[in-house]
Asks: 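Structure provided below as structure tokens; questions to follow.
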2 protein chains.
Amino acid sequence: MKLSRRARYALRMMVAIVRHSNGSHMVSLSQIAEKTNLSRRYMEQLAIGLKNASLIVGVSGKGGGYMLARPAEEINVGQIVEAAIGPINIVECVVQPELCIQSEECECRWLYHRINQGVCEVLNEFSLAELATKYWPRAIPLKSSATARVSC
Amino acid sequence: MKLSRRARYALRMMVAIVRHSNGSHMVSLSQIAEKTNLSRRYMEQLAIGLKNASLIVGVSGKGGGYMLARPAEEINVGQIVEAAIGPINIVECVVQPELCIQSEECECRWLYHRINQGVCEVLNEFSLAELATKYWPRAIPLKSSATARVSC
DNA sequence: CATATTCCGATTGTTATAGTAGGAATATAT
DNA sequence: ATATATTCCTACTATAACAATCGGAATATG
């Protein structure tokens, strides 16, 4: 029940794009890589997904880069996550019940459907604009970097 | 963003226990295995987790088996899922912010926290009793078994 | 004492994901 | 023109999480 790194990186990238391209100028992945500590090569893959989902616009060539396809207020978190990892389905049978091995009646499917709905609702509750401005400083201070293995 | 098979099997198992032990008699995993088409050996592992979470009571020896530790109305889906796969945390930093590689301020953590909360709320919304009685027949009829790869 | 069960740990196999890499296509600036 | 900086596309490899198997100990009953 994890939100994949791919999805989290996509969110971080989008936040970086918003913050960097004040309004409308292009930001290259090299620039974003510096700010976010993410590998440029890996971000390229994510960027393609985000572009195919029409969340960002890419321009090749020198001086090129990416910018939002529409205002950050009109992009919500769910769209970013789905662009990164595909449609939200916590169990395959939510989307494709015909795949299920079980007998005609499955006692749990309605529950999975409901959970899935809940996840989608939360994701669509927030816009990229909110994500880019809000902060939630960690309560607990940093410990030694040896224990820090997770990147959010 | 998947609900692991482990969690789903635990739910199926619990439903089977409720339906089979009308009230208070023991049900063995062999019996449940027949009804659910799950491997007995695999269910043993799940049962131990459910037992440690005080959701079921186990009795060894001939004639032994499992039964609910309390009425199905007082067990909710979230408890079963957590017994199976551990605490719900869609990103590690939700529970252990000190693990995070990122700088002191993480723009997304509040969002992850909120999503996590949403998932927990949905899970705790339903009881095992509801799960055991409700049905949601699939709208789409079964196709050839060749395509059926997923067990819910 | 035979049998049916829970209970425990170790191991193996499988799959999804993370991450790397090469290089083509595109456009700009000098 | 040519060098350069970028997006864009595809394939491959490594790793970690998870599913599933297995052997056998402990426990209790008839």
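Note: hydrogens, waters and symmetry copies are ignored here, and every other heavy atom, side chains too, is used. Naming convention: chains lettered A, B, ... in sequence-line order (proteins, then strands); numbering from 1 in each chain.
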Asks: Nearest whole angstrom, please: distance from the P of C/dT20 to the CG of A/L29.
Replies: 15 Å
Asks: If you take any heavy atom closer than 4.0 Å to DNA chain D, which residues from residues 56-70 of chain A end up in contact?
Replies: A/G58, A/V59, A/S60, A/G61, A/K62, A/G65, A/Y66
Asks: Can you tell me if A/K35 has over 12 outside heavy atoms packed within less than 6.0 Å of its NZ?
Replies: no
Asks: Would you say a side-chain N or O of A/Y9 is under 4.0 Å from OP1 or OP2 of C/dG19?
Replies: yes
Asks: Would you say that A/Y9 contacts A/R6 through its side chain, given a criterion of any heavy-atom pair below 4.5 Å between the two side chains?
Replies: no
Asks: Is any side-chain N or O of B/S30 closer than 4.0 Å to OP1 or OP2 of C/dT5?
Replies: yes
Asks: Calculate the interatomic distance between B/I85 atom CD1 and D/dA19 atom C1'; express it in whole Å.
Replies: 14 Å
Asks: In residues 45-52 of chain A, which residues come under 4.0 Å of DNA chain C by heavy atom?
Replies: A/Q45
Asks: Any donor-acceptor pair under 3.5 Å joining the side chain of A/R41 to the base of C/dG22?
Replies: yes
Asks: Let me know the distance between CD of B/E92 and C1' of C/dA18, rounded to the nearest Å.
Replies: 14 Å
Asks: Whole-Å distance between D/dA20 P and B/N37 CG?
Replies: 13 Å
Asks: Starting at CD of A/E34 and ending at C1' of D/dA5, how long is that distance when rounded to a whole Å?
Replies: 14 Å
Asks: Could you tell me which residues satisfy ring pair (Phe, Tyr, Trp, His ring centres under 6.0 Å) with A/F126, sequence neighbours excluded, listed by chain and number?
Replies: B/W110
Asks: Rounded to whole Å, please give me the gap between CE in A/M26 and C1' in D/dT7.
Replies: 11 Å
Asks: Find out whether B/E44 and B/I48 are in side-chain contact, i.e. whether some heavy atom of one side chain is under 4.5 Å from a heavy atom of the other.
Replies: no
Asks: Tell me whether the OP1 or OP2 atom of D/dC18 has a side-chain N or O from B/S4 closer than 4.0 Å.
Replies: no
Asks: With heavy-atom distances below 4.5 Å as the criterion, would you say the side chains of B/Q79 and B/L128 are in contact?
Replies: no
Asks: What nucleotide among D/dT7, C/dT6, C/dA18 has an atom nearest to a side-chain atom of B/E44?
Replies: C/dT6
Asks: Less than 4.5 Å apart, any side-chain heavy atom of B/E130 and any of B/E73?
Replies: no
Asks: Is there a side-chain contact between B/L11 and A/L111, using heavy atoms and a 4.5 Å cut-off?
Replies: yes
Asks: Rounded off to whole Å, could you give me the CZ-to-P distance for the B/R6 and D/dA19 pair?
Replies: 7 Å
Asks: Indicate yes or no for a side-chain donor-acceptor contact from B/R70 to the backbone of B/I75 under 3.5 Å, with no hydrogens or angles considered.
Replies: no
Asks: Counting only side-chain nitrogens and oxygens, does A/R40 get under 4.0 Å of the OP1 or OP2 atom of D/dT6?
Replies: no
Asks: What's the CG-C1' distance between A/L3 and D/dA17, to the nearest Å?
Replies: 16 Å
Asks: Does atom CD of A/E121 have more than 12 heavy-atom neighbours, drawn from other residues, nucleotides or ligands, at distances under 6.0 Å?
Replies: yes
